[in-house]
Protein chains: 2
Amino acid sequence: MCFVHICYEAIRNGLLTPMTKKNIPRPTESELEILQVLWQHGPSTVRLVNDELSKRRDVGYTTTLKLLQLMHEKGIVTRDDSSRTHVYRPALREQETQGQLIDRLLEAAFGGSALKLVQQALGNRRTTREELDQIRDLLDNIDPHATPSATDTPDELA
Amino acid sequence: MCFVHICYEAIRNGLLTPMTKKNIPRPTESELEILQVLWQHGPSTVRLVNDELSKRRDVGYTTTLKLLQLMHEKGIVTRDDSSRTHVYRPALREQETQGQLIDRLLEAAFGGSALKLVQQALGNRRTTREELDQIRDLLDNIDPHATPSATDTPDELA
DNA sequence: CGGTATTAACGAAATATTTCGTAGCAAAAG
DNA sequence: CTTTTGCTACGAAATATTTCGTTAATACCG
């Protein structure tokens, strides 16, 4: 299992590309906080990001700056430094990153079962009827008819 | 440092109890790996946990031991040290911890929208028809709404 | 122009996480 | 009884994350 693990670590740290995916490190919690601001406000200066963060908690300007610089180094954000005040934007779309994070959580805590995750997300939470309806729509859109992956188990009873 | 943030940090670190929740620190990724073993195998010795972890990756015995000791200090696991080889078990049930983690992710990456999370979990993933049906059942249980989407299972609640 | 304000770049401290080596002790084997 | 094995405790290094102070450059204002 050594080699496998080495590869896993390497991929995790962005040294190898799984060929199908881009080489983006997993955002930390602080970095996610910033990404949420960028997703919501679009391309932003350090000042703007910091102002947003400051609404929620106490954080110094240079802290936010440093974080954005690190995120830039890691490739989590891109930046336009043509003018003196740089403008940062997410390297990945919101959905892509969220998908990554769910995959991570799925592996880390749910043994890979998306079903269990969704059950947990919906079960212990008050969800509005409207939201439930939207999820029903989603289920129908996934298409109960054409679902191709439906049968991994070839042992459909004969 | 604003007062709100101090409180936030304190709660996050388990110094204050939000009164409604227990005072359990958030498991790290490595700790989750171990929790999964405990959930799956029940109360376990360090040896057993380490053997399980070793199936997936290369990890030293004392590493696992140390991790379990730290988790014990943090209150993430309890242990029976009446005999020489201690036996560890999770302090919280699988579901409780998973719920916590979802809450965390919800806040950190989905702006609190369970809907978006579920959409993401189901959307970009191959989910079997069987699983989709199970989720439909779950939805119907949460909200005995109209649009009974093929609920043949006459399940009920107390 | 001279002073104030704003910004990026570093360096570094503080903290958290992961990993393992060593030592001491108890149990099992011989 | 002596050796070997297995276990816990402890210390500490290696790494990752978060935070901020200081400095230097640039823009702005009067």
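Proteins come first, then strands; the chains are lettered A, B, ... in the order of their sequence lines, and each starts at number 1.
- A:Lys66 is linked by a side chain to side chain donor-acceptor pair (under 3.5 Å) to nothing, counting only residues two or more places apart in sequence or in another chain.
- Close to D:dT18, at under 4.0 Å from its OP1 or OP2, lies a side-chain N or O of A:Thr28.
- A salt bridge between B:Glu94 and A:Lys116 is present, with a side-chain N of the basic residue lying under 4.0 Å from a carboxylate O of the acidic one.
- Between B:Arg136 and A:Asp140, at least one side-chain nitrogen of the basic residue sits less than 4.0 Å from a carboxylate oxygen of the acidic one, meeting the salt-bridge criterion.
- For the pair A:Arg26 CZ and D:dA16 P, the computed distance is 12 Å after rounding to whole Å.
- Using a 4.0 Å cutoff on non-hydrogen atoms, the parts of residues 38-49 of chain B near DNA chain D are B:Val46, B:Arg47, ordered by number.
- In this structure, A:Gln119 CD and B:Gln98 CD are separated by 10.0 Å, a value rounded to the nearest 0.5 Å.
- Residues forming a side chain to side chain donor-acceptor pair (under 3.5 Å) with A:Glu33 (at least two apart in sequence, or on another chain): A:Arg57.
- If you measure from atom CG of A:Leu65 to atom C1' of D:dA25, you get 14 Å, rounded to the nearest angstrom.
- What separates CG of A:Leu67 from P of C:dA14 is a distance of 19 Å, to the nearest Å.
- Taking the side chain to side chain donor-acceptor pair (under 3.5 Å) definition, one finds that A:Thr97 meets it with nothing, sequence neighbours left out.
- One interatomic measurement links the two molecules: CD of B:Glu31 to C1' of C:dT18, which rounds to 10 Å at whole-angstrom precision.
- Distances shorter than 4.0 Å separate some side-chain N or O of B:Arg79 from OP1 or OP2 on D:dA9.
- Residue A:Tyr61 places at least one side-chain N or O closer than 4.0 Å to OP1 or OP2 of C:dA8.
- Nucleotide C:dA9 holds its P atom 5 Å from the CD atom of A:Gln69, rounded to whole Å.
- Counting non-hydrogen atoms under 4.0 angstrom, B:Thr63 reaches a base of the nucleic acid.
- We find that CD of A:Glu29 is positioned 15 Å from C1' of C:dT15, with the value rounded to whole Å.
- Note on A:Arg26 versus B:Glu29: salt bridge recorded, some NZ/NE/NH1/NH2 to OD/OE distance being below 4.0 Å.
- A donor-acceptor pair under 3.5 Å is formed between the side chain of A:Glu31 and the backbone N or O of A:Thr28.
- With sequence neighbours left out, A:Asp51 forms a salt bridge (charged side-chain N to carboxylate O under 4.0 Å, His left out) with no residue at all.
- Ranking C:dT18, D:dT18, C:dA9 by closeness to the A:Ser30 side chain, first place goes to D:dT18.
- Distance CG (A:Asp58) to P (D:dT18): 17 Å, rounded to an integer number of Å.
- The nearest whole Å value for the distance from the CG atom in B:Leu70 to the P atom in C:dT19 is 12 Å.
- A donor-acceptor contact under 3.5 Å is not formed by the side chain of A:Lys66 with the base of D:dG21.
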Going 5' to 3' along nucleotides 22-30 of chain C, which nucleotides have protein heavy atoms under 4.0 Å from the base (write B), which only from the sugar-phosphate (write S), and which from neither (write -)?
B---BS---
